[in-house]
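Just so you know, these numbers use all the heavy atoms, side chains as well, and skip hydrogens, waters and symmetry mates. In this chain, numbering begins with 1 at the start of the sequence shown. As the structure lists them, so they are numbered: ligands from 1, and atoms in each ligand from 1. Quick caveat: nothing in here was measured; it's all calculated off a predicted structure.
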Amino acid sequence: MNTTIATGARVELRDVRIDYDDGPAAEIDLVVEPGEVVILLGPSGCGKSTILRALAGLQPIAAGAARVDGDPHDHPDTKCAMVFQEDALLPWRTARRNVEFALAMRGVLRKRRRAIATGLLDQVGLTGFAEHLPRRLSGGMRQRVQLARTLAAEPRVLLMDEPFGALDAQTRLEMQQLLVSVWLRHRTTILFVTHDVDEALLLGDRVVVLTSRPARAARIVEVARPRRPGAQLEPEFAGQRQEILALLGHSPDLPQS
Ligand SMILES: Nc1ncnc2c1ncn2[C@@H]1O[C@H](COP(=O)(O)OP(=O)(O)OP(=O)(O)O)[C@@H](O)[C@H]1O
């Protein structure tokens with residue numbers, strides 16, 4: 001791998017308020033340390049995506065300030081990359097050429113692009129699939145290409161909006177494990193939106209449980225790292241799971257919707 005490692009940035013949301021025409025959508029005060037994984041969890045429509053969109057510079061902030069490594073962040077740039085549930089690959093380009101496109105955007109010389117793209121596709125477990133068009137790949141594989149392409153841009157912050165929400169349970173588990181391995185390698189700061197408490201506890205250093213709209217932090221749960229296999233069964237983990245479900249208004253005995 002020839003890419004330099006872009007370590008995570010510090011993200012600050014200082015008394016930030018984000019409005020839509022019909023009123024406030026989020027009121028949030030949060031600092032995410034470099035390389036930290038913070039999960040935003042909350043009821044449907046509470047304002048989770050809105051917070052990510054504001055951090056991506058796609059949504060104006062009505063009050064307060066968003067900063068990345070101390071710099072005001074109010075417009076899209078390469079420091080923060082969004083990863084969506086639906087993949088946004090170019091359908092006429094192979095997996096490798098989709099990744100190369102991001103490298104070209106970053107100004108990487110043509111002769112270096114191929115080796116870097118192949119290395120990134122190896123990292124996300126797609127060795128042997130580099131020359132496939134997106135339509136010949138499964139949903140999980142397309143998400144892997146999207147992750148490789150996102151990493152090619154060397155973002156300092158990954159903004160992930162329910163990236164695995166459309167995948168089947170097995171593929172979702174594989175993608176969660178992949179994200180952990182990618183994170184261990186790159187230590188990118190990650191803000192990750194999910195509805196899934198187990199996903200939150202598996203991936204997060206901290207889980208921010210949000211109120212219904214406007215999204216405010218109802219509680220921030222610290223999660224111990226590193227996770228051991230089977231940690232979900234340990235009492236501390238089970239206690240945190242129940243605490244979060246209670247905050248979300250679910251009975252812990254009921255399965256999550
Ligand atoms: N562009 C917009 N204009 C006006 N209202 C919007 C806009 N986008 C979202 N909203 C509303 O703002 C609220 C927050 O939306 P947002 O998408 O951030 O919620 P969310 O927590 O990510 O939801 P979900 O979990 O269902 O994806 C919702 O009530 C939504 O209908």
- [ ] May I ask you to identify the nearest protein heavy atom to atom 12 (O) of ligand 1, giving residue, atom name and distance to one decimal place in Å?
- [x] Y20 CE1, 3.3 Å
Open item on the list: Could you work out, with side chain to side chain contact (heavy atoms under 4.5 Å, CB included) as the rule, every residue matching T189, not counting sequence neighbours?
Closed with: V11, V32, V157
- [ ] Report yes or no: does a heavy atom of G42 sit under 4.0 Å from some atom of ligand 1?
- [x] no
Task: Under-4.0 Å protein heavy-atom contact, atom 31 (O) of ligand 1 - done: no
Task: Member of K79, R10, R156 meeting the side chain to side chain donor-acceptor pair (under 3.5 Å) criterion with D69 - done: R156
TODO: Return the option from E162, R213, H195 holding the heavy atom at the smallest distance from atom 11 (C) of ligand 1.
DONE: R213
TODO: Could you pull out the closest heavy-atom pair between A148 and L120, with the gap in Å?
DONE: O-CD1, 3.8 Å
Open item on the list: Using 30° and 60° as the class boundaries, would you call the ring planes of H132 and F129 parallel, tilted or perpendicular?
Closed with: perpendicular
Open item on the list: Less than 4.0 Å from atom 4 (C) of ligand 1, is there any heavy atom belonging to the protein?
Closed with: yes
Task: Cation-pi check, R185 onto W183 ring (under 6.0 Å, within 45° of axis) - done: no
Open item on the list: Check whether Q240 reaches the backbone of E222 with its side chain - one donor and one acceptor, N or O, closer than 3.5 Å.
Closed with: yes
Task: For G47, the ligand 1 atoms whose distance to one of its heavy atoms is below 4.0 Å - done: 14 (C), 16 (P), 18 (O), 19 (O), 20 (P), 21 (O)
Task: ligand 1 contacted by R53 (non-hydrogen, < 4.0 Å) - done: no
Open item on the list: Donor-acceptor pair, distance only, cut-off 3.5 Å: does the side chain of N98 make one with the backbone of L89?
Closed with: no
- [ ] Could you tell me which residues satisfy side-chain hydrogen bond (donor to acceptor under 3.5 Å, both in side chains) with T50, sequence neighbours excluded, listed by chain and number?
- [x] Y20
TODO: Between G23, P43, G45, A215, flag the one that comes closest to atom 23 (O) of ligand 1 by a heavy atom.
DONE: G45
TODO: Enumerate the atoms of ligand 1 whose separation from the nearest heavy atom of T50 is less than 4.0 angstrom.
DONE: 14 (C), 15 (O), 16 (P), 18 (O)
TODO: Do me a favour and list the nearest non-hydrogen protein atom to atom 25 (O) of ligand 1 with residue, atom name and distance?
DONE: K48 NZ, 2.7 Å
Open item on the list: With nothing but distance in play, are any N or O atoms of A25 less than 3.5 Å from an N or O of ligand 1?
Closed with: no
Open item on the list: Which of the numbered atoms in ligand 1 are under 4.0 angstrom from any heavy atom belonging to S49?
Closed with: 17 (O), 18 (O), 20 (P), 22 (O)
Open item on the list: To check your reading of the model: name the closest protein heavy atom to atom 26 (O) of ligand 1, its residue, and the distance in Å.
Closed with: S44 OG, 2.7 Å
TODO: State whether the side chain of R149 and the backbone N or O of R144 hold a donor-acceptor pair below 3.5 Å, judged by distance alone.
DONE: no
